[in-house]
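Read through the structure below, which is laid out as structure tokens, and then see the notes.
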Amino acid sequence: MEDLLQVGVITSTHGIRGEVKVFPTTDDAARFKKLKNVILDNGKEHRDLEITSVKFFKNQVILKFKGIDDINDVEKIGRASCREKYKKAPLFVTRENAVPLEENEYFIADLIGLSVISDEGEELGVIADVLQTGANDVYVVKKAGANDLLIPAIKDCILDVDVENGTMKVHLLAGLR
């Protein structure tokens, strides 16, 4: 399990007062209202940033950080070694600052890499990605020499998730192969 969980990616600056636009990678962008700090990965190091204001614009979150008061300050928090600077820099939170999970909810970072086994004992592969659709998530299961399996994250299919032991037991409904 990873200690840091990604919550967004900086896409650009917003105005001249040091705000940045962030594409949220969390399922609920409103969670940014509760965040006090994020960790920016600038490619060389992690930097703690204190959030002082949160606004929403279209599908993005606009964040203002303490001590970042103009567009030039934003340039300094980014990737100094490349021309992209702060753009595409991911923002993380620690597990302690993550939103508490409900029963049968998991962080995507914890699901990636789980071994998937059918209820008949067949090893189906490992979870390589999680697609977030409108109705339910879909787990992409990869296995060498086989087509990807797309398994919907519904009670009829997902029988058991054991993050600690790295396994997921599933029932394959007709037509999933």
Side-chain angles (χ1 to χ4, degrees), residues 1-114 126-140 153-154 158 161-168:
M1 295 194 320
E2 297 180 27
D3 292 332
L4 297 178
L5 301 167
Q6 185 174 326
V7 292
V9 178
I10 295 177
T11 59
S12 65
T13 58
H14 179 76
I16 60 171
R17 296 190 184 353
E19 295 174 314
V20 294
K21 289 182 184 177
V22 174
F23 179 77
T25 56
T26 177
D27 62 343
D28 182 8
R31 292 177 175 171
F32 276 89
K33 290 181 191 176
K34 297 177 182 174
L35 285 177
K36 302 289 184 219
N37 295 70
V38 291
I39 300 166
L40 178 124
D41 179 357
N42 68 9
K44 287 187 170 185
E45 63 183 357
H46 290 152
R47 180 170 176 194
D48 289 321
L49 298 170
E50 182 179 334
I51 298 171
T52 59
S53 75
V54 177
K55 298 186 276 188
F56 299 93
F57 181 73
K58 296 187 180 179
N59 66 338
Q60 300 207 5
V61 180
I62 299 171
L63 298 180
K64 173 82 172 72
F65 302 117
K66 183 177 182 178
I68 310 293
D69 297 317
D70 67 42
I71 195 168
N72 295 322
D73 292 338
V74 173
E75 303 275 331
K76 292 175 190 171
I77 69 170
R79 302 173 189 212
S81 64
C82 72
R83 292 286 136 221
E84 287 184 305
K85 305 218 177 180
Y86 57 89
K87 290 183 182 177
K88 299 182 183 176
L91 298 175
F92 297 91
V93 295
T94 60
R95 280 190 183 272
E96 297 80 39
N97 291 325
V99 173
L101 296 173
E102 299 290 326
E103 185 178 347
N104 295 322
E105 284 187 334
Y106 306 92
F107 293 116
I108 290 174
D110 293 341
L111 295 174
I112 302 294
L114 290 184
V126 297
I127 296 180
D129 198 3
V130 177
L131 306 175
Q132 295 180 304
T133 67
N136 53 267
D137 290 350
V138 176
Y139 302 140
V140 179
I154 59 174
I158 309 305
V161 177
D162 187 346
V163 173
E164 288 185 20
N165 291 314
T167 61
M168 178 184 288

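Note that the CD atom of Gln6 and the CG atom of Leu91 stand 8.0 Å from one another [nearest 0.5 Å]. We find the CD1-CD distance between Ile39 and Glu45 to be 12.0 Å, quoted to the nearest 0.5 Å. Summarising the geometry, atom CD1 belonging to Ile127 is positioned 5.0 Å from atom CG belonging to Leu114; distances are rounded to the nearest 0.5 Å. To the nearest 0.5 Å, atoms CG (Asp48) and NZ (Lys36) are separated by 15.5 Å. Here the CZ atom belonging to Phe92 is positioned 8.0 Å from the OG1 atom belonging to Thr25, to the nearest 0.5 angstrom. Going from atom CZ of Phe65 over to atom CG of Leu49 covers 5.0 Å, rounded to the nearest 0.5 Å.
With sequence neighbours left out, Ile108 forms a side chain to side chain contact (heavy atoms under 4.5 Å, CB included) with Ile112, Val130, Gln132. Partners of Ala98 by side chain to side chain contact (heavy atoms under 4.5 Å, CB included), not counting sequence neighbours, listed by chain and number: Leu5, Val93, Phe107. Not counting sequence neighbours, Asn59 has no partner by the side-chain hydrogen bond (donor to acceptor under 3.5 Å, both in side chains) test. Scanning for side chain to side chain contact (heavy atoms under 4.5 Å, CB included) contacts around Asp129 gives Leu131, Val140, with sequence neighbours left out. With sequence neighbours left out, Lys66 forms a side-chain hydrogen bond (donor to acceptor under 3.5 Å, both in side chains) with no residue at all. Partners of Gln60 by side-chain hydrogen bond (donor to acceptor under 3.5 Å, both in side chains), not counting sequence neighbours, listed by chain and number: Thr11. For Asp69, the side-chain hydrogen bond (donor to acceptor under 3.5 Å, both in side chains) criterion is met by Lys64, not counting sequence neighbours. For Arg17, there are no salt bridge (charged side-chain N to carboxylate O under 4.0 Å, His left out) partners, not counting sequence neighbours.
The environment of Ile154 atom CD1 is dense: over 12 non-hydrogen atoms of other residues, nucleotides or ligands sit within 6.0 angstrom.
Contact record, Ile158 with Ala153: CG1-CA, 3.8 Å, taken as the closest heavy-atom pair. The minimum heavy-atom distance between Val61 and Ala29, with the atom names listed, is CG2-CB, 4.1 Å. When all heavy atoms are compared, the tightest approach of Pro24 to Val22 is CD-O, 3.3 Å. The minimum heavy-atom distance between Asn37 and Glu50, with the atom names listed, is ND2-CA, 3.9 Å.
In this structure the side chain of Leu40 reaches within 4.5 angstrom of the side chain of Ile10, judged on heavy atoms. In this structure the side chain of Leu111 reaches within 4.5 angstrom of the side chain of Val161, judged on heavy atoms.
Residue pairs meeting the side chain to side chain donor-acceptor pair (under 3.5 Å) criterion with at least one partner in residues 97-107, sequence neighbours excluded, are Thr94-Asn97. Residue pairs satisfying the salt bridge (Lys or Arg N to Asp or Glu O under 4.0 Å) criterion with at least one member in residues 21-33, sequence neighbours excluded, are listed as follows: Asp27-Arg31.
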